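Some notes on the structure that comes next.
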Amino acid sequence: MKTKLTKPFILRCFLVSLFLSLPFVLYLFFSPQQQQPHNSVTIKDLRIRPGYNSYESYIQRQLNKTLNPRLRKIWTTRDWDRKIPVFARFFQDLKDNKLIQNTSKALCIGARVGQEVEALRRIGVHDSVGMDLVPYPPLVVKGDFHNQPFQNNTFDFEFSNVFDHALYPARFVAEIERTLKPQGVSVLHVALSRRADKYSANDLYSVQPLIHLFGNSDLIHVRSVDGFGLDTEVAFRKKGQPPPPPPHPF
Ligand SMILES: *[C@@H]1O[C@H](CO)[C@@H](O)[C@H](O)[C@H]1NC(C)=O
Ligand SMILES: *[C@@H]1O[C@H](CO)[C@@H](O)[C@H](O)[C@H]1NC(C)=O
Ligand SMILES: *[C@@H]1O[C@H](CO)[C@@H](O)[C@H](O)[C@H]1NC(C)=O
């Protein structure tokens, strides 16, 4: 039997669908991103997490993790012995591939208590320093990765496993490219296949956004790693002519 679609029936369907789509429409209008027009850079496969109403609230949240006494205790005791040998192996491998040398000036970004710095020093890269919102002398100096406290062309090598904490990923990358010397190497460990922690400010779904953001660098390699929840290593080399070696003293 053919159902007769009466006018009131169609009208009712229309109203019901309108009602059902209401939450979606409201979300579009009132989602937190709307309050962050300055944060509107969206690249496919890279999503900024909503919920930070100001840079101040973002920094406070990051500090909350960095200052957590329980976490700091773990980082400097149990984690210290467990993680440094693993970092040392990652760096030794980069060294074997000529991406770092003993004489490299190296920076670890978001280094917390400096485990990565200690690992670099142990494999012979002595001119290494870490940077984080909270200093941890002598290994880690105070600095914001969105605004590094270093001059242009300072480092031969930069490492970070905190890309997911960047609220402004383009700024994070631009600061690496600014402070690296031409031909300097940057290595990121990122999570592609699982979501990072609740302190993350972005989610990355492929390496494409990184390749896009590192516009002033050439991709060296992408490979799998087993890095404490981070599964992918991406290495870049900054473009440009390296500075000439200093003149021979004799
Ligand atoms: C972090 O935030 C929690 C609640 O959100 C608060 O109780 C705690 O004191 C904060 N910790 C630090 C180190 O700021
Ligand atoms: C680099 O440092 C390591 C560890 O200190 C040392 O064993 C190695 O011989 C050094 N390599 C060079 C080329 O100086
Ligand atoms: C440092 O690099 C940035 C970005 O590449 C550039 O805009 C700026 O002019 C440079 N500053 C100096 C002092 O060269």
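Numbering of residues begins at 1 and proceeds along the displayed sequence. The model shown is predicted, which means the values in this text are computed figures rather than measured ones.
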Quick one: do the Gln60 and Asn64 side chains pair a donor with an acceptor below 3.5 Å? no
I'd like to know if Arg121 pairs up with Asp127 as an ion pair, taking the criterion as any Lys NZ or Arg NE/NH1/NH2 lying under 4.0 Å from an Asp or Glu carboxylate oxygen. no
Heavy atoms of other groups near Asp226 CG, more than 12 under 6.0 Å: no
Indicate yes or no: at least one non-hydrogen side-chain atom of Ser200 is less than 4.5 angstrom from one of Arg49. yes
Passing option when Lys238 is tested against Asp218, Asn216, Asn153 for side-chain hydrogen bond (donor to acceptor under 3.5 Å, both in side chains): Asn153
Considering all heavy atoms of both residues, which atom of Gly130 and which atom of Val117 are nearest to each other, and what is their separation? N-CG2, 3.3 Å
To the nearest 0.5 angstrom, please state how far the CD atom of Glu116 sits from the CG atom of Leu120. 8.5 Å
Non-hydrogen side-chain atoms of Thr232 and His189 separated by less than 4.5 Å: no
Would you mind listing every salt bridge (Lys or Arg N to Asp or Glu O under 4.0 Å) that reaches into residues 151-161, with sequence neighbours excluded? Asp156-Lys181
Can you check whether Glu177 reaches Phe236 side chain to side chain, under 4.5 Å on heavy atoms? no
Applying side-chain contact (heavy atoms from CB on, under 4.5 Å) between Leu167 and each of Asn202, Ile48, Ile59, report the one that passes. Ile48
Listed pairs under 3.5 Å, donor-acceptor, residues 99-112 side chains, sequence neighbours left out:
{"residue": "Asn102", "atom": "OD1", "partner": "Lys95", "partner atom": "NZ", "Å": "2.6"}
{"residue": "Ser104", "atom": "OG", "partner": "Gln101", "partner atom": "N", "Å": "2.9"}
{"residue": "Ser104", "atom": "OG", "partner": "Gln101", "partner atom": "O", "Å": "3.2"}
{"residue": "Arg112", "atom": "NH1", "partner": "Thr66", "partner atom": "OG1", "Å": "2.8"}

Would you say that Tyr136 contacts Arg72 through its side chain, given a criterion of any heavy-atom pair below 4.5 Å between the two side chains? yes
Check: Phe91 ring centre within less than 6.0 Å of Phe159 ring centre: yes
Flag the pair Phe228 / Asn161 as yes when at least one side-chain heavy-atom distance between them is below 4.5 Å, and no otherwise. no
